[in-house]
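Note that the numbering runs from 1 along the sequence shown for the chain. Start at 1 and go down the list; that is how both ligands and their atoms are numbered.
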Amino acid sequence: MRNAMFVTTLLLAATAALAHQGVRNPAVKARMDAMGAISENTKILGAMAKGELSFDARAAREAARAIATTASDVPGLFEAPETDPKSEALPAIWDRFDDFVVKTETMVAAADAASTSIETPADLRAALSAIGATCKACHEAYRQ
Ligand code: HEC
C-alpha cells in the first residue's frame with residue numbers, strides 16, 4: 001500500500017520534472033531544481049525499499065543526508081514570492097510562510113534522523129515513509 005502510493009508520487013514527480021522546461025524566472029528554476037535534487041535522492045531510497053537497488057545502508061544514509069542538506073535551503077529559496085507560468089507553487093505559501101517553514105523543518109528533521117539511523121532494510125522503509133509523509137504534507141497544502 002505504502003509502496004503503491006510512493007510509486008504514484010514518483011510518477012507525478014517525473015511529470016513535474018518535464019514541466020520544468022521553459023521556466024523563465026531563475027528564482028523559480030532554482031527552487032524547482034532543489035526539489036528535483038530532493039526527489040532524486042528520495043528515489044534512491046524508494047528504489048532500495050522496492051529492491052530495485054540492492055540495500056546499502058551507507059548509500060541510503062548518504063541519500064538521506066543529501067535530502068536534509070538541500071531541504072535546509074528550501075526556506076531561503078522560497079522566501080521571495082517569485083512566480084512563473086510553469087510554477088506549481090500556490091500563493092498560500094506566502095500567506096502562511098511560517099507554516100511553510102515548519103513543514104520544511106519537518107522534512108529536514110526526518111531526513112536528518114534517517115541519515116544517522118538507517119542500518120537495516122526495515123529502518124530504510126520506516127525512514128522513507130517518514131520522509132515521504134513530509135513531502136505529501138507540504139505538497140497538499142502548497143503545490144498545485
Ligand atoms: C515545505 C514544502 C515542501 C516540502 C516539504 C516538499 N516540497 Fe516538493 N515542492 C514544494 C513546492 C511549493 C513545489 C512547487 C515549486 C514551483 O513549481 O515553483 C514543489 C515541487 C516539487 C517537485 C517538482 C519540481 C519541478 O521540477 O517542477 C518535486 C519533484 C518535488 N517537489 C519533490 C519533493 C519531494 C520528493 C519531497 C520530500 C522528500 C518534497 N518535494 C518536499 C514544496 C515542498
Side-chain angles (χ1 to χ4, degrees), residues 1-50 52-53 55-118 121-144:
M1 178 60 184
R2 277 203 184 120
N3 270 354
M5 278 168 55
F6 189 71
V7 169
T8 312
T9 310
L10 290 186
L11 290 176
L12 292 173
T15 315
L18 291 176
H20 220 177
Q21 280 161 7
V23 176
R24 295 218 187 89
N25 183 334
V28 171
K29 172 99 169 52
R31 72 194 187 202
M32 285 176 167
D33 285 346
M35 282 294 157
I38 289 169
S39 174
E40 287 310 308
N41 284 290
T42 306
K43 280 182 204 171
I44 293 174
L45 300 179
M48 275 188 207
K50 283 185 281 176
E52 290 169 6
L53 261 182
F55 175 72
D56 175 337
R58 207 170 75 159
R61 289 194 300 263
E62 276 169 14
R65 166 64 43 218
I67 294 168
T69 304
T70 310
S72 58
D73 293 337
V74 163
L77 289 168
F78 278 88
E79 193 169 9
E82 299 283 350
T83 56
D84 187 280
K86 298 273 183 187
S87 175
E88 296 171 324
L90 292 177
I93 294 171
W94 298 285
D95 296 337
R96 297 195 294 273
F97 196 68
D98 289 354
D99 179 62
F100 184 85
V101 172
V102 168
K103 285 182 163 52
T104 304
E105 284 164 355
T106 313
M107 163 168 63
V108 174
D112 217 32
S115 75
T116 56
S117 68
I118 296 174
D123 297 338
L124 166 69
R125 286 192 295 274
L128 180 61
S129 124
I131 293 169
T134 72
C135 319
K136 191 164 178 272
C138 189
H139 289 170
E140 277 178 1
Y142 297 118
R143 184 183 171 199
Q144 277 167 28

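The proximity of Phe100 to ligand 1, defined as any non-hydrogen pair under 4.0 Å, involves the side chain as well as the backbone. Within the 4.0 Å heavy-atom criterion, the part of Thr42 lying near ligand 1 is the side chain and not the backbone. The part of Ile93 lying near ligand 1 is the side chain, judged by heavy-atom distances below 4.0 Å.
By the 3.5 Å distance cut-off applied to N or O atoms, Glu88 is counted among the residues near ligand 1. At least one N/O-N/O distance between Ser87 and ligand 1 falls below 3.5 Å. Polar contact with ligand 1: absent for Lys86 (N/O pair, distance under 3.5 Å).
Expressed to the nearest 10°, the angle at atom 8 (Fe) of ligand 1 joining SD in Met35 with NE2 in His139 is 170°.
If you number the atoms of ligand 1 from 1 as listed, the ones under 4.0 Å from a heavy atom of Ile131 come out as 38 (C). Heavy-atom contacts of Thr104 reach the following atoms of ligand 1: 1 (C) (cutoff under 4.0 Å). Numbered from 1 in the order shown, with element, the atoms of ligand 1 that lie under 4.0 Å from a heavy atom of Tyr142 read 12 (C).
In this structure the side chain of Asn25 never reaches within 4.5 angstrom of the side chain of Lys86, judged on heavy atoms. When side chains are defined from C-beta on, Thr83 does not count as touching Val28, because their heavy atoms never get closer than 4.5 Å. Considering only heavy atoms from C-beta on, Thr104 stays 4.5 Å or farther from Thr134 through its side chain. Proximity of Arg65 to Asp112: side-chain heavy atoms (C-beta onward) are separated by under 4.5 Å at one or more points. Cys138 has its side chain within reach of Phe100: a pair of non-hydrogen atoms, C-beta onward, lies under 4.5 Å apart.
Note that CE of Met32 and CG of Leu77 are 12.5 Å apart. Values are rounded to the nearest 0.5 Å.
Taking all heavy atoms of Cys138, Ala64, Ala89, Pro75 into account, the minimum distance to atom 3 (C) of ligand 1 is reached by Cys138.
Put simply, part of Thr134 is less than 4.0 Å from ligand 1, judged by heavy atoms.
When only modelled atom types and interatomic distance are considered, Arg31 and Ser87 share a side-chain donor-acceptor pair under 3.5 Å.
Closest approach of Val74 and Ile38 over heavy atoms only: CG2-CD1, 4.1 Å.
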